[in-house]
Amino acid sequence: MSGFTTAFIGAGNMSRSIIGGLVTSGFDADSIRASNPGDGPFAELRKIGLTDLAHSNVSVAETADVVVLGVKPNLIREVCEELSPVLGANHLVVSVAAGVAADSIHDWLGAKSEVVRCMPNTPSQIGGGATGLFARSSVSAENRQRAEDIMRAVGIVRWVDDESLLHAVTAVAGSAPAYFFQFMEAMIDEAQRMGLDAESARTLCAQTCIGAGRMVAEGDVEASELRRRVCSPNGTTERAVMAFSTGGLDKLVSKAMQDCYARSEEMGRELS
Ligand SMILES: NC(=O)C1=CN([C@@H]2O[C@H](COP(=O)(O)OP(=O)(O)OC[C@H]3O[C@@H](n4cnc5c(N)ncnc54)[C@H](OP(=O)(O)O)[C@@H]3O)[C@@H](O)[C@H]2O)C=CC1
Ligand SMILES: O=C(O)[C@@H]1CCC=N1
């Protein structure tokens, strides 16, 4: 139960991940609605109990307390201008769009509604999300809490008080599930080339990823020390880790994250 109603504008990957996480965490499916131009995503949403699904953005947004903008960044302006006549000071608008500045969203909405920007990630779908949140200074404590309630229901949250830090959140969390998926794809492929069947390769790799992630998240030992503890002198891990080091893994990770950050800034300049 949330005590407020939430409308998702655009029922794509990110919206469905958050909605799935909300329902699993106990939010009443009747308090959640969604709009989308095509029917495609509606079957999945109906399966988890949503009934208020529409093609009209205005119809789902106008009577909701919280409106989540879940469309692609290049459509945020168009959607804000469409919703502007029906949204007022009593609405909280939460944007998940990469790059698009909170002030621009506020202006496109007619400078009435309160705006929170967040950068979530798709593990929200299973309650494993990691979200950065930024509120414009005019956002009330109640609305900050509502935005946090939504995102906390699907994972962990961190507020940032400088909006530009959302570029860094994008590089380390929003986009980052894809880095781990890419790493896992390579590991699973190689394990099969080494002779393991596909199911074993996938399960062993995924469980190792979960276990390692939990050790960093739940313990008080730094990742570097945890890595050292796996590396026996002249043992197997040392060889593997040496291959990563000589191959320039640190620099590559740094370059990938810098490129991600730069693209987020660039989208902000293009779209805000
Ligand atoms: N995917 C991710 O991991 C993350 C995404 N984000 C942000 O989430 C937002 C959505 O991304 P993502 O979910 O990946 O994209 P998707 O393309 O999966 O979802 C966008 C959805 O919006 C719908 N849509 C298109 N036009 C409109 C419109 N005028 N009104 C309402 N809905 C519309 C699309 O429908 P149709 O397909 O029928 O056109 C689609 O279902 C982006 O702004 C992105 O920056 C943030 C963090 C992580
Ligand atoms: O790739 C993107 O632009 C979006 C934002 C963060 C994750 N996916």
Side-chain angles (χ1 to χ4, degrees), residues 6-21 33-46 50 52-62 64 67-84 86-87 93-102 104-105 108-109 115-126 128-134 147 150-151 154-158 160 163 165-182 256-257 259-272:
T6 307
F8 285 79
I9 308 302
N13 291 311
M14 197 58 243
S15 290
R16 292 201 313 281
S17 295
I18 299 172
I19 294 169
R33 50 186 85 148
S35 61
N36 202 73
D39 287 340
F42 290 167
E44 181 183 327
L45 294 175
R46 279 199 191 91
L50 267 70
D52 204 346
L53 303 168
H55 297 303
S56 159
N57 296 334
V58 165
S59 73
V60 298
E62 61 186 342
V67 175
V68 179
L69 304 177
V71 296
K72 289 286 188 198
N74 64 323
L75 291 176
I76 291 284
R77 179 176 192 155
E78 176 185 318
V79 165
C80 286
E81 288 172 352
E82 178 191 359
L83 295 179
S84 171
V86 298
L87 297 186
V93 175
V94 177
S95 169
V96 304
V100 187
S104 299
I105 294 171
W108 297 332
L109 287 165
V115 176
V116 167
R117 250 188 86 191
C118 73
M119 179 42 61
N121 62 18
T122 54
S124 300
Q125 183 160 9
I126 54 156
T131 298
L133 287 153
F134 169 79
I150 292 172
M151 299 319 303
V154 300
I156 63 119
V157 302
R158 287 288 180 275
V160 294
E163 187 172 3
L165 287 171
L166 288 181
H167 300 306
V169 173
T170 306
V172 77
S175 292
Y179 318 162
F180 291 107
F181 296 140
Q182 191 169 4
M257 289 179 67
D259 286 356
C260 180
Y261 186 109
R263 179 59 187 141
S264 178
E265 280 186 319
E266 190 178 274
M267 286 165 71
R269 283 192 298 275
E270 285 168 10
L271 302 169
S272 300

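Each residue takes its place number in the sequence, starting with 1. All ligand and atom numbering here is 1-based and tracks the order in the structure.
Taking a 4.0 Å cut-off on heavy atoms, Gly40 fails to register as neighbouring ligand 1.
The existence of a salt bridge linking Arg263 and Glu270 is confirmed by a sub-4.0 Å separation between a basic side-chain nitrogen and an acidic carboxylate oxygen.
Annotation for ligand 2: atoms under 4.0 Å from non-hydrogen atoms of Gly174 are 6 (C), 7 (C). Distances below 4.0 Å separate heavy atoms of Leu75 from the following atoms of ligand 1: 25 (C), 26 (N). Listed by number with element, the atoms of ligand 1 under 4.0 angstrom from any heavy atom of Thr122 are 2 (C), 3 (O). Distances below 4.0 Å separate heavy atoms of Pro120 from the following atoms of ligand 1: 46 (C), 47 (C), 48 (C). In the vicinity of Pro73, heavy-atom distances shorter than 4.0 Å reach the ligand 1 atoms 42 (C), 43 (O), 45 (O).
Closest to atom 18 (O) of ligand 1 among all protein heavy atoms lies Asn13 N, 2.9 Å. In terms of protein heavy-atom proximity, atom 29 (N) of ligand 1 is nearest to Val79 CG2, 4.0 Å. Scanning the protein for heavy atoms near atom 8 (O) of ligand 1, the closest one is Val96 CG2, 3.3 Å. In terms of protein heavy-atom proximity, atom 33 (C) of ligand 1 is closest to Pro37 CD, 3.3 Å. With respect to atom 37 (O) of ligand 1, the closest heavy atom belonging to the protein is Asn36 ND2, 4.8 Å. Here the protein heavy atom with the shortest distance to atom 42 (C) of ligand 1 is Val71 O, 3.3 Å. Closest to atom 10 (C) of ligand 1 among all protein heavy atoms lies Gly70 O, 3.3 Å. From the protein, the heavy atom lying nearest to atom 1 (O) of ligand 2 is Ser175 OG, 4.5 Å. The protein heavy-atom contact nearest to atom 22 (O) of ligand 1 is Gly10 CA, 3.6 Å.
A 4.5 Å side-chain heavy-atom check between Ser95 and Val115 finds every atom pair outside the cut-off. Taking 4.5 Å as the limit, every side-chain heavy atom of Arg158 sits out of range of all side-chain heavy atoms of Val169. With a 4.5 Å cut-off on side-chain heavy atoms, Asp39 and His55 count as touching. The side-chain heavy atoms of Leu83 and Val58, taken from C-beta on, include a pair separated by under 4.5 Å. Using a 4.5 Å heavy-atom threshold, the side chains of Leu271 and Ile76 count as separate. Residues Arg33 and Thr6 are not in side-chain contact: their nearest non-hydrogen atoms beyond the backbone lie 4.5 Å or more apart. Looking at Pro120 and Ile18, their side chains come closer than 4.5 Å, going by heavy atoms from C-beta outward. Phe8 places none of its side-chain heavy atoms less than 4.5 Å from the side chain of Leu50.
Counted within 6.0 Å of CD on Gln182, heavy atoms from surrounding residues, nucleotides or ligands total 12 or fewer; the atom is thus considered open.
The N/O atoms of Ala98, backbone and side chain alike, include one that comes under 3.5 Å of an N/O atom in ligand 1. Note: an N/O pair closer than 3.5 Å links Asn57 and ligand 1 by distance alone. Where the criterion is an N or O separation shorter than 3.5 Å, residue side chain and backbone included, Lys72 meets it with respect to ligand 1.
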(request) Test Leu69 against Cys80 for side chain to side chain contact (heavy atoms under 4.5 Å, CB included), laying out the working first. (result) CA-CA 9 Å; Leu69 304 177; Cys80 286; 3.8 Å; yes
(request) Before giving the answer on side chain to side chain contact (heavy atoms under 4.5 Å, CB included), spell out for Ser175 and Met257 the whole-Å C-alpha distance, their side-chain angles and the decisive distance to 0.1 Å. (result) CA-CA 9 Å; Ser175 292; Met257 289 179 67; over 6 Å; no
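Within a 4.0 Å radius of atom 4 (C) of ligand 2, the protein contributes no heavy atom.
Looking at Thr170 against ligand 1, nothing comes within 4.0 Å, counting heavy atoms. Contact annotation for Ala11 and ligand 1: only backbone heavy atoms (N, CA, C, O) come within less than 4.0 Å of the ligand. Contacts between Arg16 and ligand 1 below 4.0 angstrom, taking non-hydrogen atoms only, are absent altogether.
At distances below 3.5 Å, not a single donor-acceptor pair connects side-chain atoms of Ser272 with backbone N or O atoms of Arg269.
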